[in-house]
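All remarks here apply to the structure that follows.
Every number for a ligand or one of its atoms is a count from 1 in the order of the listing. Values reported hereafter were calculated over all heavy atoms of this structure, with side chains retained and with hydrogens, waters and symmetry mates removed.
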Amino acid sequence: MANIVLVGAQWGDEGKGKIIDVLTGTSQIVVRSQGGNNAGHTIVHGGHKYVLHLIPSGILRPGKVCVIGNGVVIDPVALVKEIEGLRSQGIPVEKNLLISDCAHLVLPYHRLIDERREQLKGSQKLGTTKRGIGPAYGDKAARTGLRMSDLMQPTVFSAKLKARIKENNQILGTFGTKPISFRQVETAYLQAAETLRPFVINTVVYLHNALAARKKILFEGAQGTFLDLDHGTYPYVTSSNTTAGGACTGSGVPPHRVEEVMGVMKAYTTRVGEGPFPSENQTITDMLHGMGREFGATTGRARRCGWFDAVATHFATMVNGIDSLAVTNLDGLDTVERIKICVAYKLDGATVDVPPSDHQAFARCEPVYEEMPGWLVPTDKARRYEDLPVAARRYLQRLCKLTGAKLGIVSVGPRRSQTILV
Ligand code: IMP
């Protein structure tokens with residue numbers, strides 16, 4: 001098993017949590033390197049459903065070490081809640097969790113500013129998760145953020161927090177939002193700090209020692225390629241680098257130690273939040289929602305759904321350097337007679353085969369489809385590639401051909417057992 005970076009090849013929610021859970025079986029360390037508790041990974045195991053936001057999915061496997069890297073933004077109170085939730089479900093969170101001392105903190109003013117900015121944008125809103133992610137990364141870039149290492153030093157933390165709250169209360173005041181109480185935040189965060197203290201270390205050094213000891217690392221991506229701050233449908237993106245390079249900057253592991261990139265994509269496309277989505281389709285949306293599928297793990301929002309977009313996933317393969325693909329939710333298409341694949345866009349009368357960088361041009365793109373026959377039988381019991389109906393195998397091969405990477409994994413249901421290693 002190689003050191004693998006697992007990335008979402010679409011707009012997030014590709015089913016990465018389950019694939020990570022499967023791949024964790026053969027790695028020793030699982031690393032989150034970007035995002036925050038805007039992410040939501042759902043894993044069904046042993047009859048239980050676990051929803052993780054900040055803690056890597058490897059936590060469900062005994063003996064694996066989970067690392068929250070320097071590139072992640074952490075809401076300490078939310079993280080403590082997640083740790084306690086797992087413990088109450090019988091999952092030990094002890095020496096198997098490590099948190100970078102360089103990870104930045106999400107503070108209550110980040111959440112309030114996120115929410116208020118969205119309100120002010122009105123119909124132009126981004127559809128954020130309102131977890132304060134954008135403002136927290138904004139502070140990091142502006143060099144006004146607080147880090148885990150600050151939180152570990154109560155006196156230092158309190159002094160910095162006081163100054164930050166003073167400034168942010170002025171910003172909140174201009175938004176007409178009530179000021180934040182320094183004391184309340186200080187108490188809640190310093191309390192969370194004591195629960196987190198045993199986990200906080202220099203994770204860069206830990207990971208380099210692990211590499212020297214030939215341990216295998218799995219980098220667990222959050223969100224997806226088109227939510228990447230640089231390569232996504234800006235401004236309808238999240239505030240971190242969700243593409244493969246983010247795994248290196250967000251963990252301190254150098255690029256040449258990454259041996260493989262796996263891209264996860266659904267057999268169709270979904271997106272939560274606003275922004276362009278050329279292959280969006282109401283019939284598919286209604287069908288999937290009718291099956292009880294495609295509601296967000298973090299906010300519960302109904303996801304927008306559509307046909308598979310090969311233009312987007314081809315670009316994702318290029319920008320991430322995807323070697324192999326994990327195709328999830330194949331069973332979601334079991335009842336569809338004719339399946340469409342978006343193979344190009346029509347933009348202002350021209351045919352284009354790459355997603356336009358400009359979101360306004362992207363929004364004007366009309367999908368060009370090719371069609372394939374559906375298989376019209378349930379696939380959820382397939383355990384080997386050969387168990388899949390011929391039409392489903394042809395569909396998967398077509399997706400790989402158009403996307404430009406080989407097939408690695410097919411997922412036909414939420415359970416660990418419903419996974420086909422190709
Ligand atoms: P933010 O990350 O909360 O700032 O939200 C920015 C955009 O990214 C919005 O469209 C969100 O819906 C989307 N987003 C953030 N996290 C996820 C995720 O884990 N899955 C899917 N979409 C996400």
Side-chain angles (χ1 to χ4, degrees), residues 6-20 32-43 51-57 68 71-75 78 82 104 106-107 109-121 123-141 220-243 246 250 263-266 268-277 280 288 293-306 312 316 328-329 359 362-363:
L6 196 101
V7 290
Q10 295 162 322
W11 274 275
D13 304 322
E14 295 92 350
K16 293 181 294 296
K18 184 196 144 167
I19 304 299
I20 292 153
R32 255 295 287 280
S33 48
Q34 44 73 223
N37 62 336
N38 50 349
H41 288 160
T42 309
I43 299 135
V51 182
L52 301 165
H53 298 286
L54 276 161
I55 301 178
S57 314
I68 300 180
V72 176
V73 287
I74 300 176
D75 176 336
E82 200 168 318
H104 275 248
V106 179
L107 285 137
Y109 47 81
H110 292 135
R111 280 196 303 277
L112 289 170
I113 290 171
D114 191 2
E115 203 171 313
R116 202 65 190 109
R117 276 193 189 140
E118 282 284 89
Q119 277 170 1
L120 288 172
K121 284 199 183 95
S123 63
Q124 304 296 308
K125 72 177 198 292
L126 305 179
T128 75
T129 60
K130 299 190 183 132
R131 298 292 191 271
I133 305 301
Y137 276 115
D139 270 354
K140 175 177 175 175
E220 155 175 339
Q223 293 89 37
T225 298
F226 294 95
L227 292 175
D228 184 281
L229 184 58
D230 288 80
H231 304 292
T233 52
Y234 191 91
Y236 298 98
V237 292
T238 191
S239 298
S240 62
N241 284 117
T242 61
T243 45
V264 188
M265 53 192 214
K266 279 179 179 152
Y268 45 90
T269 311
T270 64
R271 169 165 208 171
V272 265
E274 311 306 313
F277 180 0
E280 187 169 15
L288 292 164
R293 304 170 84 114
E294 304 307 342
F295 294 93
T298 300
T299 57
R301 285 181 292 176
R303 295 178 185 139
R304 300 156 65 193
C305 307
T328 65
N329 291 270
H359 76 90
F362 206 160

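- Contact analysis puts Q223 in contact with ligand 1, with a non-hydrogen atom separation below 4.0 angstrom.
- Near G273, the atoms of ligand 1 lying under 4.0 angstrom from a non-hydrogen atom of the residue are 10 (O), 12 (O).
- The shortest N or O to N or O distance between T129 and ligand 1 is below 3.5 Å.
- Under 4.0 Å from ligand 1, the heavy atoms of V237 that appear belong solely to its backbone.
- Polar contact check, V272 against ligand 1: a nitrogen or oxygen pair lies under 3.5 Å apart.
- To the nearest 0.5 Å, atom CD1 of residue I74 and atom CD1 of residue I68 are 5.0 Å apart.
- Ring geometry, F226 versus W11: the interplanar angle falls from 30° to 60°, so the pair is classed tilted.
- Between E220 and K16, no side-chain nitrogen of the basic residue sits less than 4.0 Å from a carboxylate oxygen of the acidic one, so the salt-bridge criterion is not met.
- Contact between R303 and ligand 1 is absent, with no heavy atom of the residue lying under 4.0 Å from the ligand.
- What sits closest to atom 2 (O) of ligand 1 on the protein, heavy atoms only, is T238 OG1, 2.6 Å.
- The shortest N or O to N or O distance between R131 and ligand 1 is not under 3.5 Å.
- Of the polar atoms of D13, at least one N or O is found under 3.5 Å from an N or O of ligand 1, judged by distance alone.
- Between K266 and E294, at least one side-chain nitrogen of the basic residue sits less than 4.0 Å from a carboxylate oxygen of the acidic one, meeting the salt-bridge criterion.
- Which parts of ligand 1 touch G127 is read off a 4.0 Å heavy-atom cut-off, strictly below it: atoms 9 (C), 10 (O), 11 (C), 12 (O).
- Close contacts of ligand 1 with R301, meaning ligand atoms under 4.0 Å from a residue heavy atom, involve 11 (C), 12 (O).
- Numbered from 1 in the order shown, with element, the atoms of ligand 1 that lie under 4.0 Å from a heavy atom of N38 read 2 (O), 3 (O), 15 (C), 16 (N), 17 (C), 18 (C), 19 (O).
- Taking a cutoff of 4.0 Å between a charged side-chain nitrogen and a carboxylate oxygen, R131 and D75 do not qualify as a salt bridge.
- Residue-level proximity to ligand 1 for W11 is carried by the backbone, the only part with a heavy atom below 4.0 angstrom.
- Here the protein heavy atom with the shortest distance to atom 19 (O) of ligand 1 is A39 CA, 3.3 Å.
- At a 4.0 Å heavy-atom cut-off, ligand 1 does not touch R271 at all.
- Counting only N and O atoms by type, the side chains of D139 and H104 include no donor and acceptor under 3.5 Å apart.
- Those atoms of ligand 1 that come under 4.0 Å of a heavy atom in L126, given as number and element, are 10 (O).
- Here the protein heavy atom with the shortest distance to atom 8 (O) of ligand 1 is L227 CD2, 3.7 Å.
- No side-chain N or O of R293 forms a donor-acceptor pair with one of T270 less than 3.5 Å apart.
- Of the residues T129, N38, D228, the one that meets the side chain to side chain donor-acceptor pair (under 3.5 Å) test with T238 is N38.
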Exercise for the section: Starting from the C-alpha separation in whole Å, work towards a yes-or-no answer on side chain to side chain contact (heavy atoms under 4.5 Å, CB included) for Q119 and R116. Expected result: CA-CA 5 Å; Q119 277 170 1; R116 202 65 190 109; 2.5 Å; yes

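- The shortest N/O to N/O separation between T128 and ligand 1 does not fall below 3.5 Å.
- Judged by distance alone, with hydrogens and angles left aside, the side-chain atoms of R271 form no donor-acceptor pair with the main-chain N or O of Q10 at under 3.5 Å.
- T242 and Q223 share no donor-acceptor pair across their side chains, judged by distance under 3.5 Å alone.
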